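Working notes, structure below.
These numbers were taken from a predicted model, which means no experiment stands behind them. All values below come from the heavy atoms of this structure, side chains included, with hydrogens, waters and symmetry mates left out.
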Amino acid sequence: MSTPYVFLFDIDGTLLSSGGAGKMALETAFLNLFGLMEIRKQVPYSGRTDVAIAHELLQAHDIDPSLENISKLQESYLNQLPQALNCKKGSVLPGVIPLLEALRSSSHSIMIGLLTGNIRRGAQVKLGHYDMNHFFSFGGFGDGVHTRNEVAQAAWNEARQFAGVELSPNRTWVIGDTPLDISCARHIGAKVLAVSTGMHPHDELESHKPDLLAASLNHPVLLSRMLV
């Protein structure tokens with residue numbers, strides 16, 4: 001049996017654009033939970049884990065970033081998320097569904113998973129909103145970890161457990177839209193397809209030297225260039 005190819009997809013900015021639903025849900029939950037009137041200080045979201053974002057948001061507003069407060073905030077966020085997704089009316093990004101379907105129907109041995117800073121339940125809600133959960137069998141998520149490298153390692157470990165056979169980093173692809181997706185792929189020895197469908201422009205992503213770089217996943221030769 002040949003060594004399977006492993007494809008690890010980021011969610012926000014790579015598979016879909018939620019129109020800011022995640023940010024809206026988290027900040028609404030934050031204000032409601034802690035009785036605040038406004039977000040006094042914005043924190044960076046792009047490419048980061050939900051835990052790291054929650055920790056910094058709490059800290060920036062002089063609230064103890066304890067595990068208890070982070071857990072309460074995440075539960076409130078999950079309650080807000082479905083409504084925010086309906087309100088913001090985002091979309092699946094170009095080329096995503098055809099690529100996932102091509103991977104699933106390929107004659108090659110292929111495993112499709114996630115590598116996302118979203119907590120697992122949040123990822124399921126987002127993908128479920130766009131009827132995409134069925135494409136993904138495993139993944140690394142942002143539960144309990146602060147760095148993208150930790151998420152990548154979790155995704156790699158889960159892929160190995162799920163496969164039941166030896167996997168090769170050289171046949172593993174991380175697909176994402178941020179410099180952190182590129183660096184975390186290098187952390188596990190994987191290759192990287194970067195797409196400029198998120199907040200980071202083509203030139204910025206190119207400077208981080210991904211193996212492949214595309215304007216979107218709507219590109220007819222991407223799959224053939226990865227399955228080599």
Same cluster (ILVMFWY, side-chain, under 4.5 Å), [X] and [Y]:
X: F141; Y: L115; value: no
X: V195; Y: L227; value: yes
X: L167; Y: L103; value: no
X: M111; Y: L223; value: no
X: Y45; Y: M24; value: no

For the residue pair [X] and [Y], establish whether any side-chain heavy-atom pair is separated by less than 4.5 Å.
X: L127; Y: I11; result: yes
X: S137; Y: F162; result: yes
X: L100; Y: F136; result: yes
X: N69; Y: I63; result: yes
X: T172; Y: Y5; result: no
X: P169; Y: I188; result: no
X: R104; Y: F135; result: yes
X: C184; Y: V151; result: no

Reported [atom1]-to-[atom2] distance for the pair [X] and [Y], which is rounded to 0.5 angstrom:
X: T116; Y: L114; atom1: OG1; atom2: CG; result: 7.0 Å
X: K191; Y: M226; atom1: NZ; atom2: CE; result: 10.5 Å
X: E75; Y: L33; atom1: CD; atom2: CG; result: 11.0 Å
X: L81; Y: L26; atom1: CG; atom2: CG; result: 10.0 Å
X: L93; Y: S91; atom1: CG; atom2: OG; result: 5.5 Å
X: H129; Y: K88; atom1: NE2; atom2: NZ; result: 13.0 Å

Taking all non-hydrogen atoms of both residues into account, name the closest pair between [X] and [Y] and its distance.
X: I175; Y: T14; result: O-CG2, 3.6 Å
X: K126; Y: L85; result: CA-CD1, 4.1 Å
X: V51; Y: G144; result: CG2-N, 3.4 Å
X: T49; Y: R148; result: CG2-N, 4.4 Å
X: H134; Y: D131; result: CE1-O, 3.0 Å
X: L222; Y: A214; result: CD2-CB, 4.2 Å

Is a donor on one side and an acceptor on the other found under 3.5 Å between the side chain of [X] and the backbone of [Y]?
X: R171; Y: T3; value: yes
X: S105; Y: E101; value: yes
X: R186; Y: A190; value: yes
X: S183; Y: L180; value: yes
X: S17; Y: G13; value: no
X: D143; Y: R120; value: yes
X: E158; Y: F138; value: no
X: D181; Y: D177; value: yes
X: Y77; Y: F30; value: no
X: N133; Y: Q124; value: yes

State whether a side-chain donor-acceptor pair under 3.5 Å links [X] with [Y].
X: Q161; Y: N157; result: no
X: Q42; Y: K23; result: yes
X: Q74; Y: S71; result: no
X: S46; Y: H200; result: yes
X: S168; Y: N170; result: no

> In a check of side-chain hydrogen bond (donor to acceptor under 3.5 Å, both in side chains) between R48 and each of E56, H55, H146, which one passes?
Replying inline: E56
> For the side-chain contact (heavy atoms from CB on, under 4.5 Å) test, which of V145, V125, D50 pairs with I119?
Replying inline: D50
> Can you tell which of L73, V43, L58 makes a side-chain contact (heavy atoms from CB on, under 4.5 Å) with I53?
Replying inline: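 Only one of L73, V43, L58 forms a side-chain contact (heavy atoms from CB on, under 4.5 Å) with I53, namely V43.
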>> One pair to check against side-chain contact (heavy atoms from CB on, under 4.5 Å): V192 and H208. What are the steps and the verdict?
In response: CA-CA 10 Å; V192 192; H208 291 267; over 6 Å; no
>> Would W173 and V6 count as a side-chain contact (heavy atoms from CB on, under 4.5 Å) here? Give the steps.
In response: CA-CA 6 Å; W173 284 87; V6 180; over 6 Å; no
>> Let's go through L31 and I39 carefully: what are the C-alpha distance in whole Å and the side-chain angles of both, what is the deciding distance for side-chain contact (heavy atoms from CB on, under 4.5 Å) to 0.1 Å, and is it a yes or a no?
In response: CA-CA 7 Å; L31 295 175; I39 302 295; 3.8 Å; yes
> Within a reach of under 6.0 Å around CG of L67, are more than 12 heavy atoms found that belong to other residues, nucleotides or ligands?
Replying inline: no
>> Could you go through L193 and F7, starting from their C-alpha distance and side-chain angles, then the distance that decides it, and tell me whether this counts as side-chain contact (heavy atoms from CB on, under 4.5 Å)?
In response: CA-CA 10 Å; L193 164 59; F7 290 82; over 6 Å; no
>> Set out, in order, the CA-CA distance, both residues' side-chain angles and the distance that settles side-chain hydrogen bond (donor to acceptor under 3.5 Å, both in side chains) for N218 and S216, then state yes or no.
In response: CA-CA 5 Å; N218 189 27; S216 76; 5.0 Å; no
